[in-house]
Novice: 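Below you'll find the structure I mean.
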Number of protein chains: 2
Amino acid sequence: MRRAVADVSAPSNAWEPTGGSSEGNPRAAEILRESAKLFAANGYDGTSVQDIASAVGIKKASIYHFFSDKAEIHSTIVLASITRLTALVHEKVQGRMTACDKAEAFARAHAQHISESAPFYFTAALGYNEIADPNAKAKVQRMRDGYEETLRGIIREGIENGEFRELDVKLAARAIISCLNWMARWWRPNGPETAESIASNYVKLIIRGFLP
Amino acid sequence: MRRAVADVSAPSNAWEPTGGSSEGNPRAAEILRESAKLFAANGYDGTSVQDIASAVGIKKASIYHFFSDKAEIHSTIVLASITRLTALVHEKVQGRMTACDKAEAFARAHAQHISESAPFYFTAALGYNEIADPNAKAKVQRMRDGYEETLRGIIREGIENGEFRELDVKLAARAIISCLNWMARWWRPNGPETAESIASNYVKLIIRGFLP
DNA sequence: GTCGATATCTATCGATCGGTAGGTTGCAAG
DNA sequence: CTTGCAACCTACCGATCGATAGATATCGAC
């Protein structure tokens, strides 16, 4: 069966996916890019290795020269996405900012990743718990936990310095992340609003409920 | 491939799924219940008709006596879920309540549906845009739109009567619904918190940002 | 010019899947 | 006692899928 999951037109990625067998190999990187587009559009099971090969313009067997199996392609994409996401968050959230500004920077970093790497992000967001390989799955889980913990730390900081009232940190972080994650289900690059402005507005709205 | 999507132990449904070929047929209803469990746990493509038949305790071909194909089983489940959800919302949100109370009742109705029909809800929430049949898909889309519009109406009401400040109604409704929908990705019936209390706390937190 | 590594190909396998054809059983109505 | 139909069965088909085996092509190093 071939079911449409998302209609995604991919921008070219400025960053290079790392890890797996793709390290510095342009053809492997191309396979990852095309696979991400197809996974995002049709889902993992809705994408055959033949589909990927056709998109790249090579034969199916050639795929197996670069990746040991289909699952490795998928887990490499998911890992690359979460790696890039956490890197962006660490890059944007730092230094002397208020907790409010940090929370907004956090959301903007997330949104930047969405818009600059939509196919990778959609593949990861919609299928990050569908990873077969236990090692890769554990690594992704650890990175997602660290990512969520970063936001919790920002909120805790805001409570400690009096910017925010006493509140349930876990719930508050989860609310913001839920909004960001759910964007993968409805936001599309060609839509009227940029991902960054939506994410920023989400945080501004929700953070008002954090104030004393 | 068989990938785990969710670990769901299903409570028995108090309500009867309607529509499709299941109308009042206990065996058809059983097929729907078992299918919902499997779809929620392994996804649509991760569930074979043979899996469903085994779970019910009959042979594969017998499934086709009650449903014309696998897609019909799926769309019947999704339709039943969204139908039940909107019915619950209409039942709980009515009469002379403040907009705040209505919003919380809205979220509680959503959460009640999650906890009383977890397999149906997970199947619908994770795969409602994977419906093949255009008619069913349009119907589901219409019901989801109406459901979201109900929440927008509540928020607009709150703005008009002064409970809430002027705010972006679309964004605000989407924030709440994002939190509720994302619960399908992490909340499990056996967890420490009830779906109702989580949903209620989400709304209480976010709604503080709505106040003047 | 030869060798070896990398990249790609053709051809095919075994398994699984959704779905169908057509027979069998059991029971209720006449 | 027979007819008819719902419910279920056995057996099978055609298509597709992920993956493999093994041949070929390209090209830089020596």
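Worth knowing before you read on, the calculation uses all heavy atoms, side chains too, and leaves out hydrogens, waters and symmetry mates. Here the structure is a predicted model, which is why all the values come from computation and not from measurement.
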Novice: Using whole Å, what does the distance between atom P of nucleotide D:dC17 and atom CG of A:Asn42 come to?
Specialist: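 Rounded to whole Å, this separation is 12 Å.
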Novice: In chain order, what residues pass the side-chain hydrogen bond (donor to acceptor under 3.5 Å, both in side chains) check against B:Asp69, with sequence neighbours excluded?
Specialist: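 side-chain hydrogen bond (donor to acceptor under 3.5 Å, both in side chains) list for B:Asp69, sorted by chain: empty.
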Novice: Give each protein N/O atom lying under 3.5 Å from an N/O atom of nucleotides 25-28 of chain C, with the pair distance.
Specialist:
none

Novice: In whole angstroms, how far is the P atom of D:dT16 from the CG atom of A:Asp45?
Specialist: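 Whole-Å distance recorded here is 16 Å.
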Novice: Among residues at least two apart in sequence or on other chains, which ones pass salt bridge (charged side-chain N to carboxylate O under 4.0 Å, His left out) with A:Arg142?
Specialist: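 Applying salt bridge (charged side-chain N to carboxylate O under 4.0 Å, His left out) to A:Arg142 gives none.
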Novice: Between atom NZ in B:Lys70 and atom P in C:dG19, what is the gap in whole Å?
Specialist: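 Roughly 8 Å, once rounded to whole Å.
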Novice: Name all residues meeting the side-chain contact (heavy atoms from CB on, under 4.5 Å) criterion together with B:Lys92; count only those two or more places apart in sequence or in a different chain, and write none if there are none.
Specialist: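 With neighbours one apart ignored, the set is B:Leu88, B:Ala109, B:Gln112.
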Novice: For A:Glu91, check salt bridge (charged side-chain N to carboxylate O under 4.0 Å, His left out) against everything at least two apart and list the hits.
Specialist: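 By the salt bridge (charged side-chain N to carboxylate O under 4.0 Å, His left out) rule, A:Glu91 matches no residue at all.
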Novice: Quickly work out the B:Tyr64 OH to D:dC12 P distance and round it to whole Å.
Specialist: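 After rounding, the gap between these two atoms is 19 Å.
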Novice: Enter the distance from A:Ile155:CD1 to A:Phe106:CZ here, rounded to the nearest 0.5 Å.
Specialist: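 Between A:Ile155 CD1 and A:Phe106 CZ, I get 8.5 Å after rounding to 0.5 Å.
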Novice: Can you list the residues that meet the side-chain contact (heavy atoms from CB on, under 4.5 Å) rule with A:Ser54, with sequence neighbours excluded?
Specialist: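 Residues passing side-chain contact (heavy atoms from CB on, under 4.5 Å) with A:Ser54: A:Gln50.
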Novice: Do B:Arg174 and B:Glu149 meet the salt-bridge criterion of a basic N to acidic O distance under 4.0 Å?
Specialist: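 No salt bridge links B:Glu149 with B:Arg174.
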Novice: How would you summarise protein contacts on nucleotides 7-14 of chain C per nucleotide, using B for base, S for sugar-phosphate only and - for none, with heavy-atom distances below 4.0 Å?
Specialist: BBBB----
Novice: Using side-chain hydrogen bond (donor to acceptor under 3.5 Å, both in side chains) as the criterion, list what pairs up with B:Glu104, not counting sequence neighbours.
Specialist: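 Result, side-chain hydrogen bond (donor to acceptor under 3.5 Å, both in side chains) vs B:Glu104: B:Arg108, B:Ser200.
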Novice: Can you name the residues that form a salt bridge (charged side-chain N to carboxylate O under 4.0 Å, His left out) with A:Glu30, not counting sequence neighbours?
Specialist: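 If we apply the salt bridge (charged side-chain N to carboxylate O under 4.0 Å, His left out) test to A:Glu30, skipping adjacent residues, the hits are A:Arg27.
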Novice: Return the set of residues passing salt bridge (charged side-chain N to carboxylate O under 4.0 Å, His left out) with A:Arg144 (not counting sequence neighbours), or none when no residue passes.
Specialist: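 None.
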Novice: Quick one: list whatever passes side-chain hydrogen bond (donor to acceptor under 3.5 Å, both in side chains) with A:Asn135, sequence neighbours left out.
Specialist: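 A:Asn135 satisfies side-chain hydrogen bond (donor to acceptor under 3.5 Å, both in side chains) with no other residue.
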Novice: Rounded to whole Å, please give me the gap between CD1 in B:Ile63 and C1' in C:dT20.
Specialist: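 Taking atom C1' of C:dT20 as the reference, CD1 of B:Ile63 is at 15 Å.
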Novice: Polar atoms only, N or O, under 3.5 Å: list the protein pairs with nucleotides 3-5 of chain C and their distances.
Specialist:
none

